[in-house]
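Excluded from the calculations below are hydrogen atoms, water molecules and symmetry mates; all remaining heavy atoms, backbone and side chain alike, are included.
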Amino acid sequence: MSALPIVGQTDSRTVGLHGAGLSDRPTVRPSVGVVVRGAVLADVPALESLMAPYVATGDLLPRSNYDLCRHIKEYLVAEARDGDLVGCGSLKIYSRDLAEVAGLAVRRDQQGAGVGRALMDALVAEARASGIAEVLALTRKPAFFLKLGFQASEKEHFPLKVWADCARCPRQNCCDEIAVVLRL
């Protein structure tokens, strides 16, 4: 079982976000408590709704219902106290050395409240627990990742990613995403 941060709660299966040691930087506690947990198939419709505005703007690539179901174990979700999903993200593992953060989305009314940070802390903790050497993200919003310690990089430094995904991407010839990497 992975250590998933849960704001304001700790037990043998979870780690409190504040002071969890998941990052050397201080963590911003979300103003509204959220639980970061592994996604389940019942979350797929909510994931689709959560990602839809970002797919519409081109900030996220579309993911079919089939792909979300098939890869559900890669996703974490941030669940508000009322049970609504307010954020999500996935960790795609390519090798022992490389994983990618993908599908990171936070509901607009929750942005700036620490939900994205909580998801990233949990995804990076998953990568560390798996012994991954580097975590990659391709993004149109690099400032968020740079604040978390990622560094700008070149997509060409990640041939496994390019071979696995970029070659089939509908935007491969007009990609405007920036590669960022966190060395663990």
Side-chain angles (χ1 to χ4, degrees), residues 27-28 30-32 34-80 82-94 98-124 126-127 135-158 161-182:
T27 37
V28 177
S31 61
V32 177
V34 296
V35 173
V36 175
R37 62 169 174 80
V40 295
L41 287 171
D43 294 329
V44 169
L47 288 172
E48 291 173 312
S49 296
L50 187 59
M51 291 182 194
Y54 302 103
V55 171
T57 61
D59 289 328
L60 283 181
L61 291 172
R63 287 156 175 82
S64 68
N65 182 283
Y66 170 77
D67 281 337
L68 288 170
C69 289
R70 195 168 136 227
H71 298 285
I72 196 69
K73 291 186 180 283
E74 297 174 357
Y75 280 86
L76 298 180
V77 295
E79 184 175 352
D82 63 5
D84 284 350
L85 296 190
V86 296
C88 64
S90 71
L91 186 69
K92 297 169 63 173
I93 297 176
Y94 293 103
L98 181 65
E100 177 189 15
V101 170
L104 185 66
V106 174
R107 203 169 71 188
R108 285 212 164 88
D109 67 332
Q110 295 292 311
Q111 290 184 359
V115 174
R117 175 66 182 247
L119 285 162
M120 285 301 301
D121 284 347
L123 292 166
V124 169
E126 287 284 324
V135 176
L136 159 76
L138 294 180
T139 182
R140 293 171 79 190
K141 310 278 186 193
F144 171 76
F145 291 93
L146 296 174
K147 285 192 303 186
L148 299 178
F150 282 70
Q151 297 176 347
S153 189
E154 298 294 326
K155 289 179 217 118
E156 295 74 25
H157 292 167
F158 306 100
K161 163 64 180 169
V162 171
W163 178 82
D165 296 327
C166 296
R168 296 175 298 180
C169 179
R171 296 194 312 215
Q172 85 178 73
N173 294 324
C174 58
C175 182
D176 61 352
E177 292 184 317
I178 296 167
V180 292
V181 65
L182 179 67

Any residue meeting side chain to side chain donor-acceptor pair (under 3.5 Å) with Asp82, in chain and number order, not counting sequence neighbours: none
Those residues that, when tested against Gln151, pass side chain to side chain donor-acceptor pair (under 3.5 Å) (two or more places apart): none
Salt bridge (charged side-chain N to carboxylate O under 4.0 Å, His left out) partners for Glu74, two or more places apart: none
Partner set under salt bridge (charged side-chain N to carboxylate O under 4.0 Å, His left out) for Arg63, not counting sequence neighbours: none
Give the minimum heavy-atom separation between [X] and [Y], together with the two atoms involved.
X	Y	value
Ala105	Met51	CB-CG, 4.5 Å
Ala78	Leu119	N-CD2, 4.0 Å
Val180	Pro142	CG1-CB, 4.3 Å

ring-ring contact (aromatic ring centres under 6.0 Å, His included) involving Phe145 - partner list, sequence neighbours excluded: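 Residues passing ring-ring contact (aromatic ring centres under 6.0 Å, His included) with Phe145: Phe150.
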Contact check, side chains of Pro53 and Arg108, non-hydrogen atoms, under 4.5 Å: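 Yes - at least one pair of side-chain heavy atoms lies under 4.5 Å apart.
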Nearest-0.5 Å distance that lies between atom CD in Glu177 and atom CG in Leu61: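 Separation between the atoms: 5.5 Å.
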By side chain to side chain contact (heavy atoms under 4.5 Å, CB included) - contacts of Lys141 (at least two apart):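 Expected list: Asp59, Thr139.
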Worked check of side chain to side chain contact (heavy atoms under 4.5 Å, CB included) between Val135 and Leu123: CA-CA 9 Å; Val135 176; Leu123 292 166; over 6 Å; no
Test side chain to side chain contact (heavy atoms under 4.5 Å, CB included) applied to Asp84 and Gln110, step by step: CA-CA 11 Å; Asp84 284 350; Gln110 295 292 311; over 6 Å; no
Salt bridge (charged side-chain N to carboxylate O under 4.0 Å, His left out): pairs with one or both residues in residues 44-53, sequence neighbours excluded: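 Passing the test, one end in residues 44-53: no pairs.
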